[in-house]
Amino acid sequence: MSTHRTQKILHILYERLYRSIGPLHWWPADFPFEVIIGAILTQNTAWTNVEKAIKVLKEKNLLHPRRLFAIWEKTLAEAIRSSGFFNLKAQRIRSFLRFLFKQYRGDIALMFAEDTGILRENMLRINGLGPETVDSILLYAGEKPVFVVDAYTKRILLRHRLISESAGYEEMQNLFMENLESDVRLFNEYHALLVHVGKHFCRPVQNCGPCPLRGLKLNTPVSRRQTPARRASK
Ligand code: SF4
């Protein structure tokens with residue numbers, strides 16, 4: 001399938017979703033550091049549990065890099081208990097904070113002033129931060145043009161034959177980043193809309209009837225094995 005056709009399909013998909021659902025105005029947070037902590041806390045849990053943990057951190061006036069780094073890991077774990085896997089997540093938040101203070105003197109703005117490709121590579125080395133978490137931080141906290149994919153994205157793309165079963169994170173990300181304009185607002189809304197569809201319609205047992213993507217069928221997968229991700233520059 002030609003690149004032109006892939007581009008067209010991805011735009012049709014977005015337009016359908018945006019007209020029916022959007023805009024969703026992600027990420028639900030007041031400032032970048034809150035987005036970062038939320039992105040780590042949301043691993044393997046429902047967002048409602050993250051909201052409770054964020055509320056506790058706010059009440060304790062801990063949603064600040066220096067103040068959060070100053071408390072014991074056990075105290076942090078207790079504060080984020082509602083998010084599940086709280087000991088593991090406390091370790092991961094501490095790992096991110098160690099990185100932030102070692103590389104960027106604890107300054108979030110300085111961190112995001114880094115070249116996006118270099119920052120992404122470095123963040124992927126932080127213990128417990130995989131590509132979905134890192135890309136969520138880059139897009140939603142740093143406003144960098146990096147597309148986020150997740151299990152919802154894969155299920156929707158697979159069911160519409162836009163990828164093959166074996167497609168991994170990079171391949172799915174490349175599908176969007178190589179066929180859409182490098183636009184933070186577009187990437188922001190697109191991912192949020194796909195998550196919405198995955199949660200409300202494209203569940204393990206799909207509910208196509210009311211879904212905005214009903215009838216969007218293709219005969220052949222558009223995805224192909226591609227070169228390593230073209231990383232956006234800042
Ligand atoms: S619910 Fe049906 S129409 Fe909607 S994305 Fe899933 S497969 Fe497509």
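FYI, the numbering just counts along the sequence from 1. In each ligand, atom 1 is the first atom listed, and ligand 1 is the first ligand listed.
- Residue-level check: among N/O/S atoms of His160, NE2 sits closest to atom 8 (Fe) of ligand 1.
- Atom 2 (Fe) of ligand 1 has an N, O or S atom of Cys208 under 2.8 Å away, backbone or side chain.
- The atoms of ligand 1 that sit less than 4.0 Å from any heavy atom of Arg214 are 3 (S).
- Tyr104 has its ring centre less than 6.0 Å from the ring centre of Phe99.
- With hydrogens and angles left out, the side-chain atoms of Glu132 and His191 include no donor and acceptor closer than 3.5 Å.
- A donor atom on one side chain and an acceptor atom on the other are not found under 3.5 Å apart for Gln206 and Arg155.
- Counting heavy atoms under 4.0 Å from ligand 1, residue Arg155 does not touch it at all.
- In this model, a donor atom of one side chain and an acceptor atom of the other lie less than 3.5 Å apart for Gln173 and Asp135.
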